[in-house]
Amino acid sequence: MNHGDILQFPPGFLWGTATSPTQVEGHIENEWTNFTAQDGGNCRIACDNYHRYPEDIDWLARLGTNAYRFGIEWSRLQSAPFAPLNQNELARYGDLLDRLKAKNITPMVVLHHFSNPPWINAAGGWTNAAAISMFTDYVRKLVAALKEKVFLWNTFNEPDTYACVAYLLGGFPPQRKWKLGEFRRVISHMARAHVQASRIIRREGIFAGRKPEVGIAKNWTFFHAHQKFSPWDRLTAFACHYTFNKFVLDAFLGGGRRRASTFIGLNYYGRVRFHHFRALIPASGAPVKTLKDFGFVCDDMVERYPEGLGKILAYLHRKFHLPIYITEHGAASSDENFRARDLRENLAALHGAMAGGVDVRGFFYWSLLDNFEWQFGYTKKFGLLAVDFTDPKLPRTPKALAEAYSQICRENALRV
Ligand code: FCB
């Protein structure tokens, strides 16, 4: 690859952005409603995308994207287990989908993104196997209602992150700590729900001969030892890899379960290195100066590791032979040059993997907007558009990266 090269992507490649309901919509009744983040913020208004989605869709079109990955919030649609879908809320999502269609933007709908209806949580959340049939009932009804408008379905977003931060690290509701048994139960139940929901979608989501696509979004993080020869560093890295990568992939895609999915969604941010039991990343509170001294390149969350993207794509391709979407990649930083470099490096790695034969169908930038970043609140700036949270009108303003990404989307190519 030389300076001045143009890395062209295949025709029909999807260039999108991603959001999730709790992080952008506001006016939600789920386990996050009464959660206070580390910065004192909450998600009650967030970006008010619940009301401002027409404006946000105009932004998607202005950016030149041709795809949008967003979630439908389960707690809006069912007020009790097995209840009929709320028709007003369904109509709002229907309108959102119609507006996307009018702009030629392909939707990818996420069914579960770190949030549940209150009645699911009251019954023990996903530690309770009862959640499986409640979820599949919801999916069946939603697919029947939206199959004309949606053919790309993403069942669970990052089940590994959800189960880990909610049941091991205590960062997400219900803020349980070191409950390894609960972690494993949540993953197993979600995996069973994924397989059943995928079958429903593939059978019942066909519209006018068009077959739906379905998959999970797996967050892949590389876990490495800081000091190669330290047994503690290696042990921690291996334990994390085993628990969050191997166990989770096996649960969702191992054995015959692979056949339920038509694609794999990959959320890729980078890597975590361990010194003894300590994660050397900003998100765990490691001092920025120490990380710099070690020579680590980090955004405000994790270490960047673009070479890793090629490796994990090749691995997933070899192991599962399924098409892949990069369902999330992005960086949180107030330094737009840093973010632009990070995007270019990761897209170059993606292009390289595709040139090597990996079937990747699309890329979704996390995120369209600065938003409610879970336990961190509003301090992590992932948006292509800045949102002024001090102004009640929540105005959106494109950042420099929006311009750069827009060019990539429009040209279907990366200039290096
Ligand atoms: C992913 C989540 C997404 C957002 C980004 C930064 O783990 O899916 O909601 O928090 O990280």
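One-based numbering along the sequence shown. Just follow the structure's listing: the first ligand is 1, and inside any ligand the first atom is 1.
We find that D56 and R52 are not joined by a salt bridge, their nearest charged nitrogen and carboxylate oxygen being 4.0 Å or further apart. Between E182 and R176 there is a salt bridge, with a side-chain nitrogen of the basic residue lying less than 4.0 Å from a carboxylate oxygen of the acidic one.
H113 counts as a contact of ligand 1, since one of its heavy atoms falls under 4.0 Å from the ligand. Using a 4.0 Å cutoff on heavy atoms, N157 counts as a contact of ligand 1.
Residues meeting the side chain to side chain donor-acceptor pair (under 3.5 Å) test with K103, sequence neighbours left out: D58. Evaluation of the side chain to side chain donor-acceptor pair (under 3.5 Å) rule for R271 yields H224, E303 as partners, not counting sequence neighbours.
Heavy atoms from other residues, nucleotides or ligands lying under 6.0 Å from CD of E29 number 12 at most.
Proximity of M301 to ligand 1, defined as any heavy-atom pair under 4.0 Å, is not found for any part of the residue. Only the side chain of E373 comes within 4.0 Å of ligand 1, judged by heavy-atom distances.
Here's the thing with E328: one of its N/O atoms is less than 3.5 angstrom from an N/O atom of ligand 1. On a distance-only criterion, E158 and ligand 1 share at least one N/O pair closer than 3.5 Å.
Nearest to atom 5 (C) of ligand 1 among the protein's heavy atoms is Y269 OH, 3.4 Å.
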